[in-house]
Amino acid sequence: MSAQPDHTPAAPYAPAPGAPAELLAQLRADRRAERWVPAFEREWASALEESRRTFSLNTLYEVVHVWQARLASAPAVDGFVASGHDESGFMDMAELRGRRRR
């Protein structure tokens with residue numbers, strides 16, 4: 001018998017019911033809105049479809065958590081890029097997240 005759960009573990013916390021709308025408003029106000037809003041909307045639509053299929057909110061929660069973290073870390077990333085450090089050796093986060101889900 002395995003000690004591993006046979007279901008997807010719950011997200012660390014459930015975001016507030018209005019969190020996706022608040023997040024979208026913050027994304028629209030950001031200077032990266034042109035790229036970030038469509039990306040968020042695509043990820044949200046995909047997570048919503050998966051949620052309908054699996055009857056689980058975990059994927060929706062994950063999308064909110066990832067984008068909240070992205071917004072929170074944006075000033076630090078901007079500071080790093082502005083400092084002139086070479087970031088060419090780093091991996092794309094989308095690729096990294098894709099590897100984790102496999």
Side-chain angles (χ1 to χ4, degrees):
M1 185 177 253
S2 173
Q4 298 297 320
D6 61 350
H7 61 281
T8 305
Y13 69 90
E22 291 171 15
L23 184 58
L24 188 54
Q26 291 173 347
L27 290 171
R28 286 183 174 142
D30 192 274
R31 68 178 180 80
R32 301 165 193 82
E34 187 177 305
R35 289 173 300 158
W36 280 12
V37 170
F40 172 78
E41 289 174 340
R42 277 190 308 272
E43 287 182 31
W44 183 256
S46 176
L48 190 57
E49 188 57 40
E50 183 174 334
S51 178
R52 287 182 182 132
R53 201 172 33 78
T54 63
F55 299 99
S56 172
L57 299 175
N58 286 341
T59 307
L60 293 170
Y61 293 169
E62 183 178 321
V63 168
V64 170
H65 292 156
V66 165
W67 280 94
Q68 285 173 335
R70 190 170 285 151
L71 267 174
S73 64
V77 171
D78 290 342
F80 177 80
V81 171
S83 70
H85 288 75
D86 179 16
E87 61 176 299
S88 62
F90 291 94
M91 182 176 260
D92 181 21
M93 288 302 293
E95 182 182 336
L96 191 60
R97 280 195 316 272
R99 287 182 183 180
R100 183 181 71 189
R101 289 185 182 162
R102 290 182 193 162

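All residue numbers in this chain count up from 1 along the given sequence.
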query: Got a sec, which residues hit salt bridge (charged side-chain N to carboxylate O under 4.0 Å, His left out) with D78, two or more places apart in sequence or on another chain?
result: R31, R32
task: For E41, check salt bridge (charged side-chain N to carboxylate O under 4.0 Å, His left out) against everything at least two apart and list the hits.
output: R28
- prompt: Which residues satisfy the side chain to side chain donor-acceptor pair (under 3.5 Å) test with E49, sequence neighbours excluded?
  reply: none
- prompt: What pairs with E50 under side chain to side chain donor-acceptor pair (under 3.5 Å), at least two apart in sequence or on another chain?
  reply: T59
query: To the nearest 0.5 Å, how far apart are NE2 in H65 and CG in N58?
result: 9.5 Å
task: To the nearest 0.5 angstrom, please state how far the CG atom of L71 sits from the CG atom of L27.
output: 4.5 Å
statement: Shortest non-hydrogen pair, A19 vs P15, comes out as CB-CB, 3.7 Å
- line: All heavy atoms of A33 vs all of P38, minimum pair found to be O-CD, 3.6 Å
query: Is there side-chain contact between F40 and R70, with heavy atoms separated by less than 4.5 Å?
result: no
Taking only residues two or more places apart in sequence, or in another chain, which ones meet [X] in a side chain to side chain contact (heavy atoms under 4.5 Å, CB included)?
{"X": "S51", "value": "L57, L60"}
{"X": "P20", "value": "W44, V64"}
{"X": "A39", "value": "R42, W67"}

